[in-house]
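Here the structure comes first, spelled out in structure tokens, and everything after it is commentary.
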Amino acid sequence: MSLLEIRNLDVRHGLLQAVRDLSLSVEKGETIALVGANGAGKTTLLRTIAGAHMPAGGSVVFNGIDITTIPAYRRVGLGVALVPEGRRLFGQMSVEENLVLARSAGRRGDWTVERVLEAFPNLKPRRHAKAGNLSGGEQQATAIGRALMTNPEVLILDEVSLGLSPLAVDRVYASLQSLIGGGTTIILVEQDLRRAMRVADRIVCMLEGRIVLEGKRGEISREQVSEAYFGLG
Ligand code: ATP
């Protein structure tokens, strides 16, 4: 049984259909990179898995449980955590307070503030700093740390590199790599194709709400993905 089974998913924003009859299975421990042009429906898909959008049709089954209509906060308790685009931290609260607050929403598990600070060493000296005063990279690390504090079984990341310096992006991905090495299941949206193809076990390319290409790393080329990206495939 796959960890996550998305079947025939339709998601609408009013009259606009952002996800169309989309099916995707995610195996435990897998890292999936979702790529595609602006407006392809990637964010909508991630948010639907996390429960922030309700689909018009189809189903989302997680660990054998049909979560299609379960509200977002209960999905967190089942092990589904989203790191949203734009991070959305509590800016007046410290890094530590942001992390601690998340714990009560999640499952029981091994993640602690100390472990997050180990996983993101650049946060260590910023532990008591207000989240609103952090650099972009530190904020992103805090946002990922907050999701980890819920002890997720699947970690969903929307455009973690957006607006970060190249050095900050490298740091975030170095930390993600060690999570991947530790067996965490990850679904991420990444605009940088090269990076996506380096980090993921499988690349899934969306266009106009559908999956137009998917393949394991090493089994599809950058050229194939680029063509699918723009609907030339
Ligand atoms: P981006 O990289 O720009 O975030 P994306 O692939 O993540 O793109 P979505 O953000 O999922 O795509 O958007 C898919 C389509 O749905 C787009 O046409 C977008 O304008 C539309 N859309 C997204 N969110 C909403 C919303 N809340 N209300 C109305 N339309 C929306």
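Order of listing sets the numbers, starting from 1, for every ligand and every atom in it.
Among all protein heavy atoms, the one lying closest to atom 4 (O) of ligand 1 is Thr43 OG1, 3.4 Å. For atom 27 (N) of ligand 1, the closest non-hydrogen atom on the protein side is His13 ND1, 4.0 Å. From the protein, the heavy atom lying nearest to atom 14 (C) of ligand 1 is Gly39 O, 3.4 Å.
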TODO: Evaluate the criterion salt bridge (Lys or Arg N to Asp or Glu O under 4.0 Å) for residue pair Lys130 and Glu97; output intermediate values, then yes/no.
DONE: CA-CA 9 Å; Lys130 277 188 186 175; Glu97 286 164 341; over 6 Å; no
TODO: Would you sort out whether Gln177 and Ile180 count as a side chain to side chain contact (heavy atoms under 4.5 Å, CB included), showing the intermediate values?
DONE: CA-CA 5 Å; Gln177 282 291 1; Ile180 289 166; 4.3 Å; yes
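For atom 11 (O) of ligand 1, the nearest non-hydrogen atom from the set Leu207, Thr44, Leu45, Asn38 comes from Thr44. The option with the heavy atom closest to atom 12 (O) of ligand 1, from among Ala37, Gly41, Ala18, is Gly41.
For atom 22 (N) of ligand 1, a protein heavy-atom neighbour is found at a distance under 4.0 Å. Not a single protein heavy atom sits closer than 4.0 Å to atom 19 (C) of ligand 1.
At a 4.0 Å heavy-atom cut-off, ligand 1 touches Glu159 through the side chain alone. At a heavy-atom cutoff of 4.0 Å, ligand 1 is contacted by the side chain of Leu16 but not by its backbone.
In terms of polar-atom proximity, defined here as any N/O pair under 3.5 Å, His53 makes no such contact with ligand 1.
Using a cutoff of 4.0 Å between basic side-chain nitrogens and carboxylate oxygens, Arg202 and Glu214 are scored as salt-bridged. A salt bridge links Arg126 and Glu138; the closest N-O separation between the charged side-chain nitrogens and carboxylate oxygens is under 4.0 Å. Glu114 has a carboxylate O that lies under 4.0 Å from a charged side-chain N of Arg127, or vice versa, which qualifies the two as a salt bridge.
Note on Ile187: it clusters hydrophobically with Leu78, by side-chain heavy-atom contacts below 4.5 Å among ILVMFWY residues.
Geometric assessment of Arg75 against the ring of Phe62 yields a negative cation-pi assignment under the 6.0 Å and 45° thresholds.
Taking a 4.0 Å cut-off on heavy atoms, Gln191 registers as neighbouring ligand 1.
Between the CG atom of Leu34 and the CD atom of Glu190 there is a distance of 11.0 Å, given to the nearest 0.5 Å.
Every atom of ligand 1 is numbered from 1 in the order shown, and the set under 4.0 Å from a heavy atom of Ala40 is 5 (P), 6 (O), 12 (O).
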